[in-house]
**Q** 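Following this message is one structure expressed as structure tokens.
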Amino acid sequence: MRHFLNPLDFSVEELSEVLDLAEEIRRDPERFAHVADGKKLATLFYEPSTRTRLSFEAAMLNLGGRTLGFPSSDVSSAAKGESVADTIRVISCYADIAAMRHPKEGAPYVAAQFSGIPVINAGDGGHQHPTQTLTDLLTIRSLKGRLGNMTIGLCGDLKFGRTVHSLINALSRYEGIRFVLISPEVLRVPTYVIQDVLEARQIPYRETTDLEASLPELDILYMTRVQRERFFSEDEYLRLKDSYILDTAKMALAPQDMYVLHPLPRVNEISVEVDKDPRAKYFYQVQCGVYARMALIMTLLGLKRPDKEV
Ligand code: NCD
């Protein structure tokens, strides 16, 4: 039995197979409409989420399966003090696969140790968000036709943004990747990511506070929101929340083939006027997320591709 807790749980080849399957699903979703008939996905969300939870549910429904679960910890037995280990043992009797989001780093890893079914990490604190990474890889690959040989700009809250940590981890395994890390001084990428990933793998990177100056050299700009819920002080959040606002004036400085991604929710960091720019791909990215999760569920459940229709 396999879990998906970190993007590195899959080799580059395995990831590429999942992305290929996602593309196949995109081309002909109807063909996959019954591959998970009779299967159940449990969504265990101890932290609020719209996109990720609904994206998992849509993915399972699209495959013909069903879903059950809870959308926040106060409506689950966690409110009565039940441990993650016990909850997952119980859920293993109800469902075939589980997606878990938790405010504490590492909670899905604990769940995986006690689980009788595959566990997917749907975001653990400020740590990792591997299915967003799968989504991001699918989006980048479909827009650029490749995952290597490019300069990726990551902008915003690089300290608490778990999507950023997972994406750096995953992209660092491809040839010719370079990162430009754009953030306020106090929201820089954590040292463990710099040392254990970028330095350890000798990936070229540059840290800067200047978005405008960085734009001309980017192939992808990955914007992120300042993660309010992880701040200790509201004043500090208010001081930092509008550090970067991407608008049409800034987009004019970017190459014609530089695409803008954002894991969403957007707060203020991308002005709505940018939505009309053909390089704005964050809503396209949402659609990719459903195909990526469909492919992941199929892979972890060992579901076979249906025969090609003739
Ligand atoms: C991200 C998350 O939860 O980390 N959202 C998501 O899953 N689409 C990003 C965020 O909350 O800023």
Side-chain angles (χ1 to χ4, degrees), residues 4-7 22 41 43-60 69-73 98-108 119-140 152-171 181-184 187-190 193 220-231 237 240-246 260-270 275 280-294 296-297:
F4 190 59
L5 305 171
N6 183 308
L41 163 80
T43 51
L44 315 176
F45 277 62
Y46 294 82
E47 194 186 66
S49 153
T50 323
R51 213 156 337 267
T52 306
R53 187 168 56 83
L54 295 185
S55 173
F56 268 112
E57 295 190 359
M60 192 51 159
F70 51 84
S72 74
S73 56
M100 175 181 284
R101 167 166 292 193
H102 204 287
K104 288 221 175 71
E105 285 82 1
V119 175
I120 301 172
N121 178 1
D124 62 326
H127 186 222
Q128 297 271 346
H129 194 346
T131 63
Q132 181 64 48
T133 297
L134 212 52
T135 302
D136 301 339
L137 296 180
L138 182 64
T139 310
I140 296 172
I152 312 275
L154 299 159
C155 176
D157 185 346
L158 308 187
K159 178 178 180 189
F160 296 117
R162 54 192 171 197
T163 63
V164 166
H165 308 156
S166 285
L167 188 57
I168 291 178
N169 239 310
L171 279 173
L181 307 172
I182 309 153
S183 75
L187 295 179
R188 282 160 64 175
V189 172
V193 177
I220 295 285
L221 172 62
Y222 193 91
M223 294 294 295
T224 62
R225 94 187 146 90
V226 176
Q227 306 275 303
R228 179 182 209 156
E229 65 277 32
R230 314 225 186 271
F231 275 74
Y237 167 72
L240 292 165
K241 73 180 174 61
D242 289 331
S243 301
Y244 300 98
I245 299 178
L246 185 68
V260 182
L261 271 57
H262 190 307
L264 304 181
R266 149 173 69 179
V267 184
N268 219 7
E269 56 282 347
I270 304 180
D275 298 358
K281 294 295 183 192
Y282 26 93
F283 293 114
Y284 169 72
Q285 194 180 354
V286 175
Q287 184 62 64
C288 289
V290 179
Y291 297 129
R293 291 184 175 96
M294 287 170 77
L296 178 66
I297 292 170

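Atoms within each ligand, like the ligands themselves, are counted from 1 in listed order.
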**Q** For ligand 1, output the ligand-protein N/O contacts shorter than 3.5 angstrom; if there are none, return none.
**A**
residue, atom, partner, partner atom, Å
ligand 1, 3 (O), R101, NH1, 3.3
ligand 1, 3 (O), R101, NH2, 3.2
ligand 1, 3 (O), R162, NH2, 2.9
ligand 1, 4 (O), R162, NE, 2.8
ligand 1, 5 (N), L264, O, 2.9
ligand 1, 7 (O), T52, OG1, 2.8
ligand 1, 7 (O), R101, NH2, 3.2
ligand 1, 7 (O), H129, NE2, 2.7
ligand 1, 8 (N), Q132, OE1, 3.4
ligand 1, 8 (N), P263, O, 2.9
ligand 1, 8 (N), L264, O, 3.0
ligand 1, 11 (O), R225, NE, 3.4
ligand 1, 11 (O), R225, NH2, 2.8
ligand 1, 12 (O), R225, NE, 2.7
ligand 1, 12 (O), R225, NH2, 3.4
ligand 1, 12 (O), Q227, NE2, 2.8

**Q** Quick one: list whatever passes salt bridge (charged side-chain N to carboxylate O under 4.0 Å, His left out) with E57, sequence neighbours left out.
**A** R53

**Q** Please check: side-chain N/O of H165 versus main-chain N/O of K159, any donor-acceptor pairing under 3.5 Å?
**A** yes

**Q** What closest approach, in Å, do I168 and L154 show between heavy atoms, and which atom pair accounts for it?
**A** CG1-CD1, 3.5 Å

**Q** Using a distance-only test with no angle check, is there a side-chain donor-acceptor pair under 3.5 angstrom linking D136 and Q132?
**A** yes

**Q** Does the cation-pi check pass for R101 over F45, that is, NZ or CZ under 6.0 Å from the six-membered ring centre and within 45° of its axis?
**A** no

**Q** Would E47 and R230 pass as an ion pair if we require N to O under 4.0 Å?
**A** yes

